[in-house]
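Each chain gets a letter, A, B and so on, in the order the sequences are listed, and its residues count up from 1.
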Number of protein chains: 2
Amino acid sequence: MNLSSRDVQAFLVLARQKNFTQAASMCHLSQPAFSALIRSLEQTVGLKLFDRSTRHVVLTTEGERFLQSAERLCAEFAACEKAMRDTAQLTQGHVSVALLPSLAAGWLPAVLKAYTARHPGIQLGVLDVLSEPCIASVANGDADFALAAIRADTPDLRAEPFCSDSFHMVCPRAHPLANKAALSLEDLTPWPFIHLARHSSVRQYLDAALFPRTMQTFVEVEQLATAMGLVQAGLGITVAPALSLFHFNKPGLVTRQLPIPDMDRQIYMVRKRERSLSLAAQALYQLMQDMRPASA
Amino acid sequence: MNLSSRDVQAFLVLARQKNFTQAASMCHLSQPAFSALIRSLEQTVGLKLFDRSTRHVVLTTEGERFLQSAERLCAEFAACEKAMRDTAQLTQGHVSVALLPSLAAGWLPAVLKAYTARHPGIQLGVLDVLSEPCIASVANGDADFALAAIRADTPDLRAEPFCSDSFHMVCPRAHPLANKAALSLEDLTPWPFIHLARHSSVRQYLDAALFPRTMQTFVEVEQLATAMGLVQAGLGITVAPALSLFHFNKPGLVTRQLPIPDMDRQIYMVRKRERSLSLAAQALYQLMQDMRPASA
DNA sequence: CGATCTTACGGGATTCGTAAACATA
DNA sequence: TATGTTTACGAATCCCGTAAGATCG
């Protein structure tokens with residue numbers, strides 16, 4: 001049995017109007033076409049639904065029975081249509097993004113502000129974790145996409161460059177490096193250095209750029225905020241990516257970009273291969289590209 | 001937006017199978033036709049519902065959302081289809097008949113027994129009242145049709161002969177009329193007579209047949225059962241239609257048919273003009289015709 | 001005779017299946 | 001290369017609107 005929303009709609013209109021001509025025009029059909037439609041509906045349902053003479057049109061008992069089903073069907077159709085329109089117009093939906101804590105703290109707030117202003121009905125999810133769990137959350141479906149420092153190209157995942165992130169030296173205002181002209185990586189090696197843990201992407205980029213040289217390690221810490229405190233206390237200098245410099249925007253501290261272009265940290269947009277982003281995710285990613293941090 | 005049960009079904013099959021070829025064969029369609037169907041569905045819904053490559057078919061986020069609506073729609077379609085099938089097969093339904101108390105007591109039980117045996121799911125309604133309220137209940141929709149002694153042909157109602165009902169004299173066994181040969185209406189006039197009330201159809205037929213003669217009225221009563229008691233007590237004789245003779249099937253009483261054919265009471269089937277009987281009512285009426293009382 | 005539903009029929013759109021092209025592992 | 005989806009296209013079907021026919025008040 002095949003039954004379309006159009007059939008149901010036509011039936012309901014006729015049941016209300018009790019007049020083929022009026023009902024037909026309401027359905028934007030010629031009267032004979034409408035008559036044929038009702039006849040074919042009766043055939044597919046297998047029951048005579050209307051008693052009709054040239055003067056009167058009335059529901060049969062079976063028609064009354066079908067009316068109940070038709071009204072429920074019509075309500076479901078309407079709900080379905082509304083749901084689809086809402087999702088298409090981003091009035092309703094959900095998006096979850098995984099990104100590095102540095103992006104989440106410094107840059108994301110403005111993005112989310114713009115996003116919710118435009119799409120207030122969309123539920124947001126943020127996973128502000130390191131690159132590895134970012135990738136994992138995309139792989140297992142917790143996040144629609146991720147912005148991470150790992151070029152994760154697996155059979156499941158696909159990465160594309162999103163932005164790049166230059167490195168900056170951080171030292172106290174009174175430090176000799178604070179005003180040195182033409183700063184280079186070489187200049188940093190003599191000084192006590194606050195390292196991040198080896199598993200951090202910052203450390204890996206830095207070690208690679210230094211190799212085979214090394215820094216005078218004073219200490220290794222996990223959090224950039226800790227490194228900030230140590231530098232502010234005059235215990236050493238450190239290197240941080242541009243996106244996390246908001247940590248070091250403090251009195252008594254100086255940040256200077258390291259002019260080593262090929263050392264720039266790449267941030268990738270990571271998503272599932274062969275799966276399109278949801279509309280809500282597309283809109284968020286589009287906005288993120290429009291508001292992409294200056295590739296300083 | 002037009003959406004058919006076929007579309008929804010196809011969507012659900014593909015969402016389950018995640019394979020166009022298999023889903024197509026399940027829907028008895030060629031694979032390209034099925035592919036086109038899904039494409040047109042996506043177009044009417046206005047959303048991409050599946051991510052498809054040559055290897056994998058997966059629901060998009062929007063497809064997941066539609067899946068919920070589709071499942072609810074599918075359930076409604078199934079419920080509707082079942083309801084219609086039940087109605088068509090008389091597994092479900094309702095019929096209400098109005099008929100004279102005489103028919104209701106003597107003849108109806110066997111009819112209803114046969115009817116419920118054949119259609120156990122049909123709800124029954126019986127209005128065992130006099131002809132006038134019978135007709136009224138059809139006119140106001142309380143009964144599907146009536147069996148009454150009034151030929152009710154109004155703009156709203158239509159009557160057709162159903163059966164005829166001969167009249168019988170009732171007297172005590174010891175009464176002279178009990179064994180008299182060649183009984184005629186004349187023979188009854190000398191004896192004390194138990195009349196029914198003037199508004200009863202029996203009385204009207206009897207008065208018309210007698211006119212201008214009259215009976216020796218002993219008393220007028222409303223109920224045939226009362227008349228039976230009075231006759232049994234030897235207070236008089238009476239006349240009753242064949243269909244209510246079960247009242248007089250008692251020891252000490254004799255009933256004899258009055259051989260006056262054109263006096264026979266007509267019973268009519270009364271129904272609304274221009275309205276078909278419900279399937280349940282059709283079945284009941286057909287059975288009633290098949291089991292029609294012998295036109296004694 | 002006027003209003004209204006049904007039937008008849010020609011044209012146009014939709015939909016189907018076969019065959020070929022295309023894509024991915 | 002094998003599996004599976006999309007494109008191309010001719011044919012059958014379905015659906016619509018106009019016009020004529022039938023029916024009831």
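Heavy-atom neighbours of Q289(B) CD from other residues, nucleotides or ligands within 6.0 Å: above the threshold of 12. Residue R151(B) places its CZ atom among more than 12 non-hydrogen atoms of other residues, nucleotides or ligands, all under 6.0 Å distant.
Distance F34(B) CZ to dG17(C) C1': 16 Å, rounded to the nearest Å. We find that CG of D7(A) is positioned 14 Å from P of dC14(D), with the value rounded to whole Å. If you measure from atom CG of L37(B) to atom P of dT6(D), you get 12 Å, rounded to the nearest angstrom. The NE2-P distance, from H28(A) to dG17(D), rounds to 11 Å in whole Å. What separates CG of L41(A) from P of dC15(D) is a distance of 12 Å, to the nearest Å. If you take CZ of R39(A) and P of dC14(D), they are 14 Å apart, rounded to a whole angstrom. Summarising the geometry, the separation between CD on Q17(A) and P on dT4(C) is reported as 12 Å, rounded to the nearest angstrom. dC24(D) atom P lies 11 Å from atom CZ of R273(B), rounded to whole Å.
Atoms NE2 and CG, from H94(B) and D144(B) in turn, are 7.5 Å apart once rounded to the nearest 0.5 Å. Within the model, atoms CZ of F11(A) and CG of D7(A) stand 11.5 Å from one another, a figure rounded to the nearest 0.5 Å.
Residue S35(A) places no side-chain N or O under 4.0 Å from the OP1 or OP2 atom of dC5(C). Contact between the side-chain N/O atoms of R6(A) and the OP1/OP2 oxygens of dC16(D) is found at a separation under 4.0 Å.
Taking the six-membered ring where tryptophan is involved, the planes of Y285(B) and F145(B) are perpendicular, since the angle between them exceeds 60° and thus also 30°.
Exactly one of E42(A), E62(A), R39(A), Q43(A) qualifies for a side-chain contact (heavy atoms from CB on, under 4.5 Å) with K48(A). That residue is E42(A).
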Check the interface with nucleotides 2-4 of chain D: list each N/O to N/O pair with the protein under 3.5 Å, or write none.
residue	atom	partner	partner atom	Å
dG4(D)	O4'	T54(B)	O	3.3

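Minimum atom distance to the side chain of E274(A) is reached by dA25(C), of the listed dA25(C), dT6(D), dA8(C). For A33(B), counting side-chain heavy atoms from C-beta on, the closest listed nucleotide (dT6(C), dG17(C), dT7(D)) is dG17(C).
Within 4.0 Å (heavy atoms only), L29(A) reaches sugar-phosphate atoms of the nucleic acid but no base atom.
H119(A) is not listed as a side-chain neighbour of L279(A), based on a closest heavy-atom distance of 4.5 Å or more.
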